[in-house]
Amino acid sequence: MRYSEMFLPTGREVPSDAEVISHQLMIRAGMIRKLTSGLYSYLPLGYRVIRKLEQIIREEMNKAGAEEVHLPMVQPAELWQESGRWVHYGKELLRFHDRHDHEYCLGPTHEEVITSLVRNDIKTYRQLPRNLYQIQTKFRDEVRPRFGVMRCREFGMKDAYSFDVDEEGAEKSYEKMFAAYNNIFRRCGLKFRPVEADSGSIGGKYSHEFMVMAESGEDAMVFCEKCSYAANLEKAEVACPEKKRIFEDDWLPLEEINTPDSRTIEEVSAFLKVDPQDIVKTLIFNADGKPYAVLIRGDQEVNEIKVRNYLGAAELELATDEMIMKTTGAPRGFAGPVNIKIPVLLDYSVIDMVNFVTGANKEDYHLKNVNIGRDFNIQAFADFRVVSDQDKCPRCGGDMKFARGIEVGHVFKLGTKYSKAMKAVYLDKDGQEKIMIMGCYGIGIGRTVAAGIEQNYDENGIVWPMPLAPYQVIITPVNVNEKDVMAAAENLYLALKASGLEVIFDDRDERAGVKFKDADLIGIPLRIVVGRKNLEQGKVELKIRKTGENKLYPLQEIAQEIKQIVEQELNPDRL
RNA sequence: CGGGGCGUAGCGCAGCCUGGUAGCGCGCUUGCUUUGGGAGCAAGAUGUCGAGUGUUCAAAUCACUCCGCCCCGACCA
């Protein structure tokens with residue numbers, strides 16, 4: 001395409017409201033514009049990248065045996081009431097009424113719609129398994145949209161849903177999708193890693209997130225340096241420690257001490273001159289309205305997701321001051337397990353501790369020399385804490401590393417959560433009615449593009465990997481007023497285009513510097529510079545965006561060279 | 001929803017404290033020069049100063065209300 005005919009508004013200034021690099025560059029490169037909070041328009045250049053990604057996804061999904069459908073974005077309340085999510089999904093679900101006063105929502109995801117579709121038309125095991133996907137706009141009324149298209153309210157997503165006759169089939173469907181996702185992100189040229197993840201409120205026992213590695217990522221993960229274990233930080237397990245023998249002879253008499261105004265671990269630690277490791281933190285949680293005490297070593301953090309999952313609670317949050325006062329008889333900061341009337345959950349980190357410090361359930365008092373068994377009893381002993389960098393791999397005991405990433409894909413085993421609630425059943429060979437086993441698989445489209453930028457940029461702008469690049473080549477005539485230069489550039493443009501390459505011809509009457517800057521900013525992988533001096537030698541210059549490498553080629557050979565590079569870089573096997 | 005910040009030309013910002021006829025840089029338009037890494041000179045155009053109400057002879061500036069946006073937190077298939 002001729003640059004002069006493109007709607008490609010590039011900018012020099014960094015927009016003041018963009019903090020992450022992908023957001024800044026997408027705006028500067030003329031890919032996106034914000035309409036209002038959490039809503040973005042894609043301009044031609046940005047939309048080309050989106051379509052590139054979608055095409056890769058389509059190819060791999062089709063290859064994996066999935067079929068593309070297109071479901072409505074507006075969904076009736078009844079469907080969500082059936083699944084129970086009309087109540088549970090919360091404020092992220094944008095609800096509204098039509099003229100007949102019927103209730104609807106904008107689809108944040110499509111389990112309900114797909115399950116409704118499938119249950120009506122799939123009746124027998126002969127029609128299973130089935131995997132249906134779509135690429136569709138979702139709407140989630142995010143509390144706080146940020147980072148440009150990375151976390152916005154309206155966004156494109158590829159979502160797939162599998163239906164199987166049994167667990168074994170569902171497992172196979174899951175594995176297929178897992179493999180397809182690996183192919184997709186590898187083909188995009190991204191550095192990524194699948195990690196074990198919590199399945200959250202969508203349900204299901206088993207899930208993996210696909211993380212694109214990036215320092216700016218919103219998610220933290222850990223991975224083992226020895227084996228293949230990798231997990232989202234909120235899921236990452238802590239191995240159960242071996243319990244050393246505790247000699248009851250070591251137990252010292254329980255002591256109550258006055259600790260005025262010492263509420264936090266730091267304050268208590270400083271006041272009593274004991275290490276945080278010798279203090280036990282007692283946190284009161286509200287799990288669906290019931291209070292629980294969670295005990296953890298003073299220097300560790302509680303992982304609320306683990307607590308919630310352990311208790312099977314729908315909602316879990318730290319108790320309010322009021323609830324703490326009611327359950328412990330003391331204000332926040334003085335809770336402890338001794339004589340408490342609620343269930344006590346003990347984290348692994350406390351198991352070896354003796355003669356530790358806890359709150360006394362009495363304002364301005366703590367207890368010293370507290371011991372498990374003698375001074376209080378526990379209801380549960382499990383892993384409730386956030387992994388720390390001291391921890392070893394729960395699988396092999398190897399050293400663990402922390403990293404940050406952007407969640408671009410998530411594969412879930414849903415089981416029968418939706419098929420049961422919404423009666424998606426089939427008849428098996430014996431004429432028995434059975435519930436379908438489901439899986440669901442999502443990829444955030446815009447987010448993946450943004451993640452691609454987070455991983456591929458330099459001080460001059462975006463550095464697209466070939467498979468995502470909006471155009472593969474840009475031809476830059478140095479001076480449009482020189483007839484020979486323009487004629488050569490134009491011919492080259494027509495030749496490259498005819499050979500099937502995606503090419504921009506920068507025919508603008510701009511100074512060379514401006515064109516170079518724009519070409520770099522929008523990240524076109526290959527640039528051919530046509531200038532008078534080289535042309536007189538029958539040569540043009542090829543510049544590789546990624547490496548900055550600069551080489552002269554005879555005019556006759558450049559097309560072939562370009563073709564070769566593009567084909568090579570589109571081939572995933574090179575990776 | 002809690003805390004903080006911002007709203008002035010397409011973009012980035014100054015002016016506000018201490019009220020007195022709206023400014024800078026980039027971009028844009030026109031002309032001349034220039035032409036291999038965001039050119040130079042000259043001449044221009046562009047604003048309901050987020051909205052409303054109030055105080056005042058006079059409000060971008062002070063007060064109140066509302067709206068929008070951003071950041072931190074809470075929240076999040």
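Reminder, nothing fancy here: chain letters follow the sequence lines and each chain counts from 1.
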Whole angstrom value for the distance that separates P of B/C75 from CG of A/Leu318: 8 Å
Rounded interatomic separation in angstrom, taking CZ from A/Arg153 and P from B/C69: 7 Å
Point-to-point distance, once rounded to the nearest 0.5 Å, from CG of A/Asn309 to CD of A/Glu234: 9.5 Å
Nearest-angstrom distance from the residue atom CG of A/Leu8 to C1' of B/G38: 15 Å
Donor/acceptor link under 3.5 angstrom from A/Arg527 side chain onto base of B/G37: yes
Polar pair under 3.5 Å, donor/acceptor by atom type, side chain A/Lys543, base B/G36: no
Interatomic distance, A/Lys517 NZ vs B/G36 P [rounded to whole Å]: 15 Å
Cationic N near anionic O, under 4.0 Å, A/Asp458 to A/Arg545: yes
Near-ring test A/His410/A/Phe412, centroid separation under 6.0 angstrom: yes
Nearest-Å distance once atom C1' is located in both B/A58 and B/C24: 26 Å
B/G27 phosphate, OP1 or OP2, under 4.0 Å from A/Arg12 side-chain N/O: yes
Separation of B/G27 P from A/Ile27 CD1 (nearest whole Å): 20 Å
Nearest-nucleotide comparison on RNA chain B, the residue closer to the 5′ end among A/Val530 and A/Asp17: A/Val530
Touch class at under 4.0 angstrom, heavy-atom based, for A/Arg28 against every strand present: base
Nucleotide forming a Watson-Crick or wobble pair with B/A9, both distances under 3.5 Å: none
Short side-chain N/O contact to B/C70 OP1/OP2 from A/Ser37, under 4.0 Å: yes
Sugar-phosphate only, base, or nothing, as touched by A/Glu19 at under 4.0 Å among non-hydrogen atoms: sugar-phosphate
Donor/acceptor link under 3.5 angstrom from A/Glu13 side chain onto base of B/G27: no
Touch class at under 4.0 angstrom, heavy-atom based, for A/Pro108 against every strand present: base
N/O donor-acceptor pair, side chain A/Asn479 with base B/G36, under 3.5 angstrom: no
Check: A/Phe384 ring centroid to A/Tyr310 ring centroid under 6.0 Å: yes
Contact under 4.0 Å: A/Arg511 side-chain N or O vs B/U34 OP1/OP2: no
Whole-angstrom distance between B/G25 and B/U21, as gauged at atom C1': 24 Å
P spacing across the pair B/U33 / B/U46, given as an integer number of angstrom: 28 Å
Short side-chain N/O contact from A/Arg144 to OP1 or OP2 of B/C72, under 4.0 Å: yes
Residue A/Asn481, side-chain heavy atoms: nucleotide from B/G38, B/C70, B/U35 that is nearest: B/U35
Strand partner of B/A63, provided both Watson-Crick or wobble distances fall under 3.5 Å: B/U53
B/C66 versus B/G2 - spacing of their P atoms, nearest Å: 12 Å
Inter-nucleotide C1' distance (B/G15, B/G47), Å rounded: 15 Å
Selected nucleotide, minimal atom distance to A/Arg146 side chain, candidates B/G73, B/G38, B/C13: B/G73
The single option from A/Arg532, A/Lys539, A/Lys533 passing salt bridge (charged side-chain N to carboxylate O under 4.0 Å, His left out) against A/Glu536: A/Arg532
Identified salt bridge (charged side-chain N to carboxylate O under 4.0 Å, His left out) counterpart of A/Glu112 within the set A/Lys417, A/Arg85, A/Arg119: A/Arg85
Rounded distance in Å - CD (A/Glu482) to P (B/U34): 13 Å
Nearest heavy atoms of A/Ala450 and A/Met150, plus distance in Å: CB-SD, 3.7 Å
Touch class at under 4.0 angstrom, heavy-atom based, for A/Asn550 against every strand present: nothing
A/Lys34 side chain, from C-beta outward: closest of B/C75, B/C69, B/G37: B/C69
Gap between atoms CD and P, on A/Glu536 and B/G36 respectively (whole Å): 14 Å
Among B/U35, B/C75, B/G36, the nucleotide that comes nearest once only the side chain of A/Glu304 is considered: B/C75
A/Val143, nearest nucleotide to its side chain (from B/C70, B/A74, B/G27): B/A74
Nearest-angstrom distance, P atom, B/C62 to B/G19: 9 Å
5' precedence on RNA chain B between A/Val529 and A/Val14 (nearest-nucleotide basis): A/Val14
Touch class at under 4.0 angstrom, heavy-atom based, for A/Thr476 against every strand present: nothing
4.5 Å side-chain heavy-atom contact, A/Ser419 and A/Met438: yes
Rounded C1' spacing from B/G68 to B/U56 in Å: 29 Å
Pair assignment for B/A42, Watson-Crick or G-U wobble, requiring both distances under 3.5 Å: B/U30
Cation-pi, A/Phe155 ring and A/Arg447 (6.0 angstrom, 45 degrees): no
Of the listed nucleotides B/G37, B/A39, B/G27, the one nearest the side chain of A/Asp520: B/G37
Whole angstrom value for the distance that separates P of B/U35 from CZ of A/Phe516: 15 Å
Any-strand Watson-Crick or G-U partner of B/U48, both distances under 3.5 Å: none
Distance test, side-chain N/O of A/Ser16 to OP1/OP2 of B/C11, below 4.0 Å: no
Paired nucleotide for B/C1 [Watson-Crick or G-U wobble; both distances under 3.5 Å]: B/G73
Between B/C26 and B/A14 - C1' atom distance, rounded Å: 15 Å
Sugar-phosphate only, base, or nothing, as touched by A/Asp518 at under 4.0 Å among non-hydrogen atoms: base
